[in-house]
Structure formats: structure tokens, C-alpha cells
Amino acid sequence: KSKDNILPPLSSSKPKLQIYPQPLTSLTQLRTRYGISKRLAENIAYQGYKLPTEVQLAALPLLMGESGRSREQHKDIDLLAVAPTGSGKTLAFLIPVLDTLFKDKKMDQETEPQAIIVAPTRELANQIVNEGRKLVENTGIRISLVRKGMSVGKRDVDVLDLRGERDEDAESSSDDGEQSSAQKASKVQKPGYVVKSHVLVSTPLTLLHAIENLDGTTTSLPSVRFLVLDEADVLLDPLFRDQTLSIWNACSNPDLRTSLWSATMGSSIESLALEHILKNRKESTNTASI
Ligand code: ADP
Ligand code: MG
């Protein structure tokens, strides 16, 4: 077999691994190396997280700091990360988004969504909200689950501003059993119930309904600067693909940052990545496969 071996012969000296950017070895480096905000660093430490998981040590440097590659065009994918379930992908996609939003210092005035995180099930979406809420403590950043009947984006409807009520969608259980139907009617089913949060987490269909106009057209979301597709292999499989791509298209900001996260390199992801790379004719997607 040795004749066919395509690997170069082992040299006696240690091979020099060129990994760029350098992986994180400690989560405190998020502050020392990338200058994330003190508050966010404190909130991360408060969770007891010290060492980055494998996907975090590889993905965070790609998403933070100057290493972020220059972008060729809108709809580029900034990162495609494949790492097993339970490996800490949520923290990896939340930190760069939350740090950017926090540093903008415009959080008090901004009422339009800045980031959208899509997950295939409501339970997953809710878990992301819960994890995000721990990280945004005392930052002024609001993160919400998009629910049925809500609207997102600018509309020709009466805007009911629910900013004071951020906790009404902080769920610990998976359903809204505690809300009376009258409450639901006034809060959720009222047309024009507009979510006023910087970070929106949603399943694809609920979000699509939330940005759908009465005439069936889709509201575009120019204010959204980050799009995160969690469990992207599922979001791009035939069941969700059209919905996911419609959401992606609605994110019209030319500087949109898009990252895809998945536990498996399913065929839907692979074909999308390939399509994307071919379209751009050169390698423009960072892939971190752990
Ligand atoms: P995935 O999305 O990859 O399946 P999660 O983001 O749900 O994984 O994370 C799984 C668990 O690991 C969560 O309970 C989370 O709080 C925990 N976790 C994430 N990052 C770290 C870390 N750096 N150190 C310790 N625990 C972590
Ligand atoms: Mg996950």
C-alpha cells in the first residue's frame, strides 16, 4: 500500500502546524486578545465557563477581531461550523453577536432587530433564548423568542411597544400554559404586536409569518446584521429549505454576517457550501470541522 500513499513522508523534525487564526486556549482570551466587553466577559465567567470547547476555540477566533475575512458580497457565509451535539455551539455563535451589539452602544435607541437566530424547533429556540439571557445580563441587549402572532420589522400597523415586558417570553417550561387566554389574545394575537428586541430567536415558519405582510409580501429586514442558522443541516433540508432561504433573502443588509452551525455535515449543507464556494470561485467560507 505504501506506494499509493498520498501522504507526504514523515519528516524527522516536528511538522509545523499553521493554524490561523490562533485557537483560543482560555475564554479569558476573549477579553485579552479580542477585547470583548468587560460585562460580557464577566457574564461568561459567571456561568463557570473557563476553557473553550473545541468548536469554541476554533470558531471564536474566526468570528472575532481582525481575522474576520473581507467580504466579497452579500449572502456570503462567514462560517460553517460542524461539531457534535453538546459541544457548546450556542455560546460560540452568541458571543461574537452580543459583543458587537453591546459595543455599538446604541442599544437604548435601537428598536429594530439586529440579529436573527433560526433554529428548527421551538424548544431549541427557547434554549438559545435562555442561554442568551444569561449572557446579556446588565448589557441592555434584549433577546426574545418570536412567537406565533408576533410581527417583526417595520409595518403599516399600530406598533405596540412591549419593551417593558421582556420577561413575558422568558420561559422555563416549553409551553405557555400559565398565560390566560385573555392575556394571549391581548398580547399575542393582536395584530401589530411588534417584538422590540435586538436579538430574535425563532423557528423558520414563525419568523416567516412574523415578517409577512397582509398582501403576502415579505418585509425586508435591513437592520439585521447577523443571521445565525442553528442546526443548519435541518434548516436546509427539503422540509425547511424554502422557509430558511426566504428568511435569508429578507435579511437585506449588505453587511449581513451569516454563520451556519450543525452537528452533522448533512448533504443539504454540503451542497449549499459547495454551491456557495463555486459561485464565488474561490474559497470564501471558513469551515471549522471538529
Ligand atoms: P450544542 O449546541 O453544540 O449541542 P450547547 O451549546 O447546547 O451545545 O452546549 C451544551 C452545554 O455545554 C450547555 O449546557 C452549555 O452551557 C455548556 N457549555 C458551553 N460552553 C461551555 C464551556 N466553554 N465550558 C463548559 N460548559 C460549556
Ligand atoms: Mg445547539
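When a ligand or atom number is given, it counts from 1 through the structure's own listing order. Because only heavy atoms are used, hydrogens play no part in the values below, and waters and symmetry mates are left out as well, while side chains stay in.
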K.L.:
When the side chains of residues 230-242 are checked against the rest of the protein, which donor-acceptor pairs come out under 3.5 Å, sequence neighbours left out?
P.N.:
from	atom 1	to	atom 2	distance (Å)
Asp233	OD1	Ser262	OG	3.1
Asp233	OD2	Thr264	OG1	2.6
Asp237	OD1	Leu239	N	3.0

K.L.:
Would you say Tyr46 has more than 12 foreign heavy atoms packed within less than 6.0 Å of its OH?
P.N.:
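No, because the 6.0 Å sphere around OH of Tyr46 holds 12 heavy atoms or fewer from other groups.
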
K.L.:
Which N/O atoms of ligand 1 sit under 3.5 Å from a protein N/O, and at what distances?
P.N.:
from	atom 1	to	atom 2	distance (Å)
ligand 1	3 (O)	Ser87	N	3.2
ligand 1	3 (O)	Ser87	OG	3.4
ligand 1	3 (O)	Gly88	N	3.2
ligand 1	3 (O)	Lys89	N	3.0
ligand 1	3 (O)	Lys89	NZ	2.8
ligand 1	4 (O)	Gly86	N	2.5
ligand 1	6 (O)	Lys89	N	3.4
ligand 1	6 (O)	Thr90	N	3.0
ligand 1	6 (O)	Thr90	OG1	2.5
ligand 1	8 (O)	Gly88	N	3.1
ligand 1	16 (O)	Tyr49	OH	2.4
ligand 1	20 (N)	Gln56	NE2	2.8
ligand 1	23 (N)	Leu51	O	2.9
ligand 1	23 (N)	Gln56	OE1	3.0

K.L.:
I'd like to know if the side chain of Arg133 and the backbone of Ile143 have a donor-acceptor N/O pair within less than 3.5 Å.
P.N.:
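Confirmed, Arg133 side chain pairs with Ile143 backbone.
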
K.L.:
Determine whether a donor-acceptor pair (N or O, by modelled atom type, separation under 3.5 Å) exists between the side chain of Ser223 and the backbone of Pro113.
P.N.:
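Yes; at least one donor-acceptor contact below 3.5 Å.
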
K.L.:
For Arg31, check salt bridge (charged side-chain N to carboxylate O under 4.0 Å, His left out) against everything at least two apart and list the hits.
P.N.:
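Counting only residues at least two positions away or on another chain, Arg31 forms no salt bridge (charged side-chain N to carboxylate O under 4.0 Å, His left out).
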
K.L.:
Kindly write out the residues that satisfy ring pair (Phe, Tyr, Trp, His ring centres under 6.0 Å) with Phe93, not counting sequence neighbours, or none if the list is empty.
P.N.:
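Once residues adjacent in sequence are excluded, the partners of Phe93 under the ring pair (Phe, Tyr, Trp, His ring centres under 6.0 Å) criterion are Trp261.
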
